Every structure is written in C-alpha cells, then in structure tokens.
Amino acid sequence: MNATLHPLPPAWRTRLALYLDLIRWDRPAGWLLLLWPTLSALWLAAGGWPGWHLLLVFVGGTILMRSAGCCVNDVADRDFDRHVKRTAQRPVTSGRLSVREALLVGAALALLAFALVLTTHPAAVAWSFAALAVAVFYPYTKRFFAMPQAVLGVAFSFGIPMAFAAVRGEVPALAWALLVANLFWVLAYDTEYAMVDRDDDLRIGIRTSAITLGRWDVAAVLAFYVLHLVLWTWLVWPLAGGPWLAAGVALAAAQVVWHAWLIRHRTREGCFAAFRRNHWLGASLFAGVVLQLALGGAA
C-alpha cells in the first residue's frame with residue numbers, strides 16, 4: 001500500500017513562506033557576497049583545500065548569519081521601509097510578521113551559526129561575538145552615519161578574520177588587511193544598491209553613501225572597485241600569485257567595466273542589476289585563488 005503524503009496545513013505553509021521571505025531565501029546574491037571572500041580567506045589560511053569540516057561550517061554559517069542579519073535589519077528599518085516601494089511589502093514592514101517573531105527567528109538562526117563555530121578553534125569562537133556585534137549595530141548607523149556602507153563593509157568582511165582564526169588559531173595582520181581590501185568592494189556594490197533608493201531615502205531622512213557622494217557617486221564606485229582589486233591582488237599574490245590568480249583578477253576587472261556601463265546613467269534598473277551581479281566578481285577572485293593553489297602553486 002502506498003503511503004499517503006500529507007502536505008503542510010495552509011496556515012503552516014503561509015508561515016513558512018513568510019519566514020523564507022524574511023530571510024530572502026529566494027535572493028541568494030546577499031549570502032554569496034559574504035561567502036566568496038570568506039572562502040577565499042579560508043583557502044589562503046589553509047594554503048589550499050581546508051577540509052570538508054571547515055568548508056561546511058563556513059558555508060552554513062555564512063547563510064545562517066546573513067539570514068539572521070536580514071531579520072535584524074527588517075526590524076530596525078520597519079518604519080523607513082514602509083515608505084520605500086521596493087521594501088514596503090517585507091513581512092515585518094507590512095505587519096504580516098511581528099517584531100518579536102522576526103527577532104526570535106533571527107536569534108534561532110544566529111544560535112545555529114554559533115553552534116557551527118563552536119566546532120572550530122576557540123579563537124574563531126571568540127571573534128564570532130565581535131562579528132555578531134557589528135552585524136547587529138549596522139542597521140542603526142543609517143540614522144547618524146554619513147557612510148553606513150562602511151560599517152556594512154566590516155560586517156560583510158568579518159568572515160575573513162574568522163576563517164584565519166579557525167584554521168590557524170590566530171588572526172594575523174594579513175587577515176585584517178584583507179578585510180580592509182574587501183571593505184572597498186562592499187562600498188562599491190552597496191553604493192550601487194543605495195543608488196536604487198536614493199530618492200526615497202532623501203525623502204525619509206536615511207543616510208547612505210549614494211546621498212553623501214552626490215554627483216560623484218559613479219566615480220566613487222569605480223574608485224572603490226579599483227582599490228579593492230589592487231589591494232586584494234597585492235595582498236594575495238605572495239600566497240597564491242600566478243597565472244590563475246591573474247586570470248581571476250582580470251575577469252573581475254572586466255566585470256567592473258560592465259558595471260560602470262550599467263550604472264553610468266544612475267537608473268534604478270541599471271544600478272540594481274549591477275548590485276545583483278556583484279557576486280560573480282567575488283566568485284572570479286575565489287576561483288583564481290583556488291585554481292592557483294591547486295594547479296599552479298604560490299608565486
């Protein structure tokens with residue numbers, strides 16, 4: 001006799017759909033932006049393949065923490081988001097999920113991520129508290145800081161020192177330098193993102209890099225990209241320099257040219273398209289590191 005499959009009750013399906021919308025499950029670009037520099041750091045710290053355990057910990061932890069961050073962000077921004085067309089229907093903003101429920105979901109996801117970190121080195125566990133603090137603090141910086149994207153840059157780059165701590169039991173100066181290099185990439189793509197909502201943000205009083213930079217926004221985005229690629233290549237080359245890394249950097253640079261074309265007229269569609277495709281730039285740099293360490297060795 002065939003077993004009868006019972007689907008979830010309609011109320012449960014509705015709730016699950018709201019939770020998935022809350023954590024942007026259908027929009028993986030967000031966690032991919034965190035993942036590629038984190039994995040690059042993991043390979044660099046290990047000098048190659050880091051092992052399945054650390055790979056699964058950092059992939060799972062990245063997805064969980066990005067999801068938890070979405071919960072905190074939506075709670076912090078709920079009074080602003082209702083005035084922005086693109087965000088007005090988010091679950092918390094629209095009232096379909098309560099603040100308490102969103103925070104409970106975020107806390108549960110953060111605890112799961114912490115459980116993964118506990119299986120690594122104590123140094124990584126210690127640094128995870130700083131990473132959480134920056135992630136929680138970031139949404140509120142839009143109220144008083146002219147460039148909140150810089151704080152986001154620290155939050156989105158903290159996987160780099162965490163990876164070194166998990167592999168080596170310490171965070172060398174190189175890891176912090178790589179964090180700074182990656183921060184410029186975050187400034188580039190999140191300024192593109194801020195350019196999408198600039199008119200709404202001006203109206204409701206939110207501070208963003210797109211507003212602060214004004215007519216210099218496109219030039220600044222391109223400068224951020226260049227600084228990122230130059231610093232990243234300079235820092236990574238002694239560990240994984242060679243033709244494969246050079247190919248990865250060249251591919252990333254080609255994407256910068258493409259993004260410059262997309263944002264040149266500052267249209268919402270062009271800026272959003274550039275933002276959504278930024279994870280391919282990080283993937284190119286990661287591929288260059290992996291292939292160089294696996295096939296070509298270090299410089």
Side-chain angles (χ1 to χ4, degrees), residues 21-34 66-67 69-97 99 102 106 134-156 183-225 256 258-282:
D21 190 19
L22 175 69
I23 65 173
R24 324 280 202 271
W25 183 253
D26 61 337
R27 284 154 282 180
W31 59 261
L32 287 171
L33 290 170
L34 282 82
R66 186 262 181 167
S67 300
C70 289
C71 298
V72 175
N73 185 80
D74 283 10
V75 168
D77 286 353
R78 64 191 185 279
D79 292 331
F80 295 118
D81 284 348
R82 64 171 53 101
H83 301 290
V84 180
K85 182 179 180 180
R86 185 179 56 81
T87 59
Q89 293 307 310
R90 285 178 175 173
V92 178
T93 305
S94 62
R96 291 174 294 160
L97 279 182
V99 169
V134 176
V136 171
F137 176 63
Y138 157 68
Y140 298 95
T141 60
K142 303 170 192 176
R143 292 158 172 80
F144 62 87
F145 189 39
M147 296 279 284
Q149 281 69 24
V151 182
L152 181 70
V154 177
F156 267 39
L183 186 151
F184 284 111
W185 180 38
V186 181
L187 280 171
Y189 66 66
D190 208 54
T191 298
E192 292 174 339
Y193 191 52
M195 290 166 69
V196 176
D197 296 328
R198 174 162 31 204
D199 292 342
D200 292 322
D201 292 340
L202 279 167
R203 179 168 46 83
I204 61 182
I206 284 182
R207 297 172 183 266
T208 71
S209 57
I211 293 172
T212 300
L213 293 167
R215 65 189 182 93
W216 300 103
D217 51 359
V218 173
V221 166
L222 298 180
F224 292 148
Y225 275 130
V256 171
W258 178 37
H259 290 179
W261 178 262
L262 289 172
I263 69 173
R264 70 193 188 285
H265 295 312
R266 301 178 174 86
T267 63
R268 288 177 181 254
E269 297 76 16
C271 293
F272 195 50
F275 166 75
R276 290 186 62 189
R277 288 161 176 77
N278 249 282
H279 65 89
W280 290 110
L281 190 153

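In this text the structure is predicted, and so the values were computed from the model without any measurement.
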Quick check against the 3.5 Å criterion: does Arg207 have a side-chain atom that pairs as donor or acceptor with the backbone of Lys142? no

Do you know which two heavy atoms are closest between Phe137 and Thr141, and how far apart they sit? CE2-CG2, 3.4 Å

Would a 4.5 Å heavy-atom cut-off, applied to side chains only, mark Asp21 and Gln89 as touching? no

Between Tyr138 and Pro148, is there a side-chain heavy-atom distance shorter than 4.5 Å? yes

Is the shortest side-chain heavy-atom distance between Asp74 and Thr93 below 4.5 Å? no

Side chain to side chain, Arg264 and Val218, heavy atoms closer than 4.5 Å: no

Between Asn278 (side chain only) and Ala274 (backbone N and O only), is there a donor and an acceptor less than 3.5 Å apart? yes

Looking at Trp280, I'd like to know if the NZ or CZ of Arg277 sits under 6.0 Å from its six-membered ring centre while staying within 45 degrees of the ring's axis. no

Using side-chain contact (heavy atoms from CB on, under 4.5 Å), reason through Leu22 and Cys71 one step at a time and then give a plain yes or no. CA-CA 6 Å; Leu22 175 69; Cys71 298; 3.5 Å; yes

Gly205 backbone acceptor or donor facing Arg143 side chain under 3.5 Å: no

Hey, is the main chain of Trp25 close enough, under 3.5 Å, to the side chain of Arg27 for a donor-acceptor pair? no

Thr212 side chain to Thr208 backbone, donor-acceptor under 3.5 Å: yes

Under the salt bridge (charged side-chain N to carboxylate O under 4.0 Å, His left out) rule, what do Asp201 and Arg198 come out as? Steps first, then yes or no, please. CA-CA 5 Å; Asp201 292 340; Arg198 174 162 31 204; over 6 Å; no

Report the C-alpha distance between Val221 and Tyr225 in whole Å, list the side-chain angles of each, state the deciding distance to 0.1 Å, and finish with yes or no for side-chain contact (heavy atoms from CB on, under 4.5 Å). CA-CA 6 Å; Val221 166; Tyr225 275 130; 3.6 Å; yes

Considering all heavy atoms, the nearest Leu187-Ala150 contact: CD2-N, 3.7 Å

Parallel, tilted or perpendicular: ring planes of Tyr189 versus Trp185, cut at 30 and 60 degrees: perpendicular

Taking side chain as C-beta onward, heavy atoms only, is Phe275 less than 4.5 Å from Leu33? yes

Separation between OH of Tyr193 and SG of Cys271, rounded to the nearest 0.5 Å: 12.5 Å

Is Arg268 salt-bridged to Asp200, going by a charged N under 4.0 Å from an acidic O? yes

Short question: side chain of Gln149, backbone of Ser209 - any donor-acceptor pair under 3.5 Å? yes

Just by distance, do the side chain of Arg276 and the backbone of Ala273 share a donor-acceptor pair under 3.5 Å? no

Quick one, Phe145 with Val151, criterion side-chain contact (heavy atoms from CB on, under 4.5 Å). Give me CA distance, side-chain angles, the key distance, then yes/no. CA-CA 9 Å; Phe145 189 39; Val151 182; 3.8 Å; yes

Ile263 to Gly270 - nearest heavy-atom pair and separation: CG2-O, 4.3 Å

Side chain to side chain contact (heavy atoms under 4.5 Å, CB included) partner of Arg90, chosen from Arg78, Arg24, Arg82: Arg24

Considering all heavy atoms of both residues, which atom of Ile211 and which atom of Ile206 are nearest to each other, and what is their separation? CD1-O, 3.3 Å

Test side-chain contact (heavy atoms from CB on, under 4.5 Å) applied to Trp261 and Val256, step by step: CA-CA 9 Å; Trp261 178 262; Val256 171; over 6 Å; no

So, for Leu213 and Ala220, which heavy atoms are closest and what is the spacing to 0.1 Å? CD1-CB, 3.6 Å

Provide the closest heavy-atom pair for Phe272 versus Val196 in the form atom of the first, atom of the second, distance. N-CG2, 3.6 Å

